[in-house]
Amino acid sequence: GLPISVGVSANKLLAKIACGLAKPDGLKALWPEDVPELLWPLPVKVLPGLGPVSAQKLNSVGIKTVGQLAAAPAALLRRLLGNTAALLQQHARGIDDRGLEQCREAKSISEERTFPADVTDRETVLAVLIEQAEGLGYRLRSARLLARTIGIKLRFADFTTITRDQTLPAPTDLDAVIYGTARGLFLRCGGRLAWRLVGIRVSGLESSRQLSLFDPPPGEFKEQNLDLVRDRLREKYGADVVYRAKRLLGEPPGKKKPGK
């Protein structure tokens, strides 16, 4: 039921413009051969990267449409727009040689929950943090990543929002470490009653673990094994097949989890 707009073309520039033309809920194709008929009559502000100040400069010398920009003398455009003149004129002609980036390396992973009503019980928030920590730990392990920094996001009843981060001495993908860090941040920084939103973010992602000269903290191997067992059960039976009992405090009244 959500409106969605789609633009299709042979390059990123024309696809983006087509998407704008398709709004609020349509599909639009804009091919290079259609540029003179469909793009050139449009105002220059339709070009991505051409801001209102540049558009005003162009308008002041009579360049109001994309077609006029495409045909304008290069020297005039350089005087008006500086180093961006050549690129903007290429865009006005529908030319864009940028490659398509099919994926980007994630810089952080986060989970948030907005409560339907303000929450005043601290234990309820901590239960939600456990659930989010388990979800983030699973996502890290599935992607073979470790997080160096753990952060929380809190929104209070007056819609004031804060974020707090803590960098760990060693990167982690353990649910217990993520939760313990987030819990500590919440207890130190979330003192106001009545919370509207709570979230955890993990960042400083690394793809491998450095060897340590010291013994791991007590219980780390146990936590690793428990997390791996939970991951296997989760993949086979679903996310809620097994979880910490404290998470039940984070559920709305009357809602019962199906876990075993």
Between Phe159 and Arg155, is a side-chain contact (heavy atoms from CB on, under 4.5 Å) present by the stated rule, with each step listed?
CA-CA 6 Å; Phe159 289 93; Arg155 180 167 297 144; 4.0 Å; yes
Derivation of the side-chain contact (heavy atoms from CB on, under 4.5 Å) call for Leu81 and Leu58
CA-CA 9 Å; Leu81 305 175; Leu58 293 171; 4.1 Å; yes
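The two residues Ala133 and Ile178 come nearest to each other via the heavy atoms CB-CG2, 3.8 Å. Nearest heavy atom pair, residue Ser9 against residue Ala15, reads CB-N, 3.5 Å. Here the closest non-hydrogen pair linking Leu129 and Ala182 is CD1-O, 4.2 Å. Closest of all the heavy-atom pairs between Leu140 and Ala147 is CD1-CB, 4.0 Å.
A continuous path of ILVMFWY side-chain contacts below 4.5 Å connects Leu185 to Leu187, so both sit in one hydrophobic cluster. There is no path of hydrophobic side-chain contacts, each under 4.5 Å, that joins Leu27 to Leu30. Taken together through direct or relayed side-chain contacts under 4.5 Å among Ile, Leu, Val, Met, Phe, Trp and Tyr, Leu21 and Val6 form parts of separate hydrophobic clusters.
Taking CG of Leu77 as the reference point, atom CG of Leu87 lies at 12.0 Å (rounded to 0.5 Å). Within the model, atoms CG of Leu145 and CZ of Arg139 stand 11.0 Å from one another, a figure rounded to the nearest 0.5 Å. In this structure, OG1 in Thr65 is found 9.5 Å from CG in Asn59, a value given to the nearest 0.5 Å. Interatomic distance, Thr114 OG1 to Leu197 CG, rounded to the nearest 0.5 Å: 4.0 Å. In this structure, CD on Glu131 lies 10.0 Å from CD1 on Ile200, to the nearest 0.5 angstrom. To the nearest 0.5 Å, atom CG of residue Leu13 and atom CG of residue Leu47 are 7.0 Å apart.
Judged by distance alone, the side chain of Asp173 and the main-chain N or O of Gly137 form no donor-acceptor pair under 3.5 Å. Between the side chain of Gln166 and the backbone N or O of Gly184 there is no donor-acceptor pair closer than 3.5 Å. Within the 3.5 Å criterion, the main-chain N or O of Pro169 finds a donor-acceptor partner in the side chain of Arg148. A donor-acceptor pair under 3.5 Å links the side-chain atoms of Asn11 to the main chain of Gly94, judged by distance alone. Listed for the Ser54 side chain is no donor-acceptor partner under 3.5 Å among the backbone atoms of Leu50. Using a distance-only test at 3.5 Å, with no hydrogens or angles considered, a donor-acceptor pair links the side chain of Ser60 to the main chain of Lys57. The main-chain N or O of Cys19 is never found under 3.5 Å from a side-chain atom of Ser5 such that the two would form a donor-acceptor pair.
With a 6.0 Å radius and a threshold of 12 heavy atoms from other residues, nucleotides or ligands, Ile4 has its CD1 atom at or below the threshold. Counting non-hydrogen atoms of other residues, nucleotides and ligands closer than 6.0 Å to CD of Gln56 gives a total of 12 or fewer. For Asp97, the CG atom counts as loosely surrounded, since its 6.0 Å shell holds 12 or fewer non-hydrogen atoms of other residues, nucleotides or ligands.
Within the 4.5 Å cutoff, no side-chain heavy atoms of Ile150 are placed close to those of Leu136. The shortest distance between side-chain heavy atoms of Tyr138 and Asp175 does not fall below 4.5 Å. Residues Phe115 and Val128 form a side-chain contact, since some pair of their non-hydrogen atoms from C-beta on lies under 4.5 Å apart. In this structure the side chain of Leu126 never reaches within 4.5 angstrom of the side chain of Ile130, judged on heavy atoms. A heavy-atom distance below 4.5 Å is not found between the side chains of Val198 and Ile152.
Between Arg201 and Asp165 there is a salt bridge, since at least one side-chain N of the basic residue sits less than 4.0 Å from a carboxylate O of the acidic one.
Legend: residues meeting side-chain contact (heavy atoms from CB on, under 4.5 Å) with Ile162, ordered by chain and number and at least two apart, are Leu154, Phe156, Arg164, Cys189.
Residue pairs satisfying the side chain to side chain donor-acceptor pair (under 3.5 Å) criterion with at least one member in residues 74-96, sequence neighbours excluded, are listed as follows: Asp96-Arg98.
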Show me the donor-acceptor pairs, under 3.5 Å and distance only, between side chains in residues 34-46 and residues at least two apart or in other chains.
residue: Asp34; atom: OD2; partner: Trp31; partner atom: N; Å: 3.3
residue: Trp40; atom: NE1; partner: Ala92; partner atom: O; Å: 2.8

